[in-house]
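Just below is one structure, and these are the notes that go with it.
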There are 2 protein chains.
Amino acid sequence: MAILTKRTQINDAALDAVAHMPTRSLPVLISGEFSSALNDADYMRIAVLLAKKSYQEGGCPIGAVIVDNLTKRIVGKGHNTLVQEDHPYNHGETSAIRDAGRIDFSKTTLYTSLSPCDVCATLLYMRGFSKVVVGDVTNASGNESLLQDKGVAVEILEDPMGVALYAKFREEKPEQDLEDWQGVSAVNNPRVL
Amino acid sequence: MAILTKRTQINDAALDAVAHMPTRSLPVLISGEFSSALNDADYMRIAVLLAKKSYQEGGCPIGAVIVDNLTKRIVGKGHNTLVQEDHPYNHGETSAIRDAGRIDFSKTTLYTSLSPCDVCATLLYMRGFSKVVVGDVTNASGNESLLQDKGVAVEILEDPMGVALYAKFREEKPEQDLEDWQGVSAVNNPRVL
């Protein structure tokens, strides 16, 4: 018996519980009917709430959610763990893909709170994602065209909460932001790629 | 007091112990003098022995080692964990970089037993590696020129043991090889990138 049902209002409190619950335990939290009622903006908000969780842990505020195109169930999600795991490249997208495991990503859509970096964009087309929804092209890396060139459908769906959170983080911790994108070497030796 | 000293012969038995020992525990195994005596072919052999460890676990035989350019100490190493961790993109290079943590990779050299895939090649230049030594361009993806275009020095140093092991694996498990490179989606829907 799930806690969030078709009668539950879809709001940030409900979506935050979804964001925090381990993916494989989601069936104890959300019913199939609640899940079916979620739309693109809701999935993006879950990605942003994962970003917020990371920010509150002292990490980089970037999250991602992977949804099965047919069942509309969440099959993977996660957030950046540069700080939390001392992890030199685990971004929102890599975190969600790692969480999903060895599945057929061509049957899924990935929602990311921030435009993907070069590494994540490459991983997204190499794993055959059918579609990527990008929640922030304001604080952007601009790899949307690379994805489209490789046959991945791209949709822009900015979430103002996520855009504001990332801008705040970048203002507060510019070095952590640079390290997350280009590594410690870029912090020590600023360069233009 | 380390077990492997300047009087120890550098052979596969010694290098296999280095491959298996957790990176942060290496000082209990190898002395600074043993470490200083290692050359490029030895580091590559360690990467190959990591690949062999993965093969013996039922995984993909690809390993990598990261060495500090100044101290010549191993600062990260690992092997592919597609099977072992149900991990959809952890290759030899990503495994070694994850093991190394948040360090300045521009001061290091990465030795990989197999030519890097698109994702790993992108990660290598995005993290500012100064040099990459490639141990197998026979069973290759051919991203050496991409790395060079991005300013990473590339050296080819084929290890016959590693080349033979990878060819054997590809012959035995062609689907696992394809999944490791392009994901489950490529196994289900063969495509040309």
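Everything quoted here is computed from the prediction, not taken from an experiment. Residue numbers begin at 1 in each chain, while the letters A, B, ... track the order of the sequences.
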Hydrophobic cluster identity match, B:Met161 and B:Ile156, side-chain contacts under 4.5 Å: no
Transitive ILVMFWY side-chain link B:Val134 to B:Trp181, under 4.5 Å: yes
Per-residue contact mode, B:Asp99 against chain A (heavy atom under 4.5 angstrom): neither
Heavy atoms from other residues, nucleotides or ligands near CD of A:Glu172 exceed 12 (cutoff 6.0 Å): yes
Under 3.5 Å donor-acceptor, A:Ser185 side chain and B:Arg127 backbone: yes
Pairwise distance CG(A:Asn188) to CD1(B:Ile103) - rounded to 0.5 angstrom: 11.0 Å
Interatomic distance, A:Arg98 atom CZ to B:Thr81 atom OG1 [nearest 0.5 angstrom]: 10.0 Å
Joint hydrophobic cluster, B:Val154 plus B:Met126, side-chain heavy atoms closer than 4.5 Å: yes
Path from A:Val133 to A:Leu114 over hydrophobic side-chain contacts below 4.5 Å: no
Region of A:Leu123 in contact with chain B, defined by heavy-atom distances below 4.5 Å: both
Between CG on residue A:Asn90 and CD1 on residue B:Ile97, distance to nearest 0.5 Å: 12.5 Å
Hphob cluster co-occupancy, B:Val67 + B:Ile30, side-chain heavy atoms under 4.5 angstrom: yes
Nearest atoms (heavy-atom pairs only) where A:Leu82 meets B:Arg102: O-CD, 3.4 Å
Inter-residue atom distance B:Gln182.CD - A:Tyr125.OH, 0.5 Å rounding: 10.0 Å
Considering all heavy atoms, the nearest B:Pro88-A:Phe105 contact: CB-CE1, 4.1 Å
Point-to-point distance, once rounded to the nearest 0.5 Å, from CG of A:Asp118 to NZ of B:Lys150: 6.5 Å
Heavy-atom neighbours of B:Glu171 CD exceed 12 at 6.0 Å: no
CZ (A:Arg24) with more than 12 external heavy atoms under 6.0 Å: yes
Region of B:Ser130 that comes under 4.5 Å of a non-hydrogen atom in chain A: neither
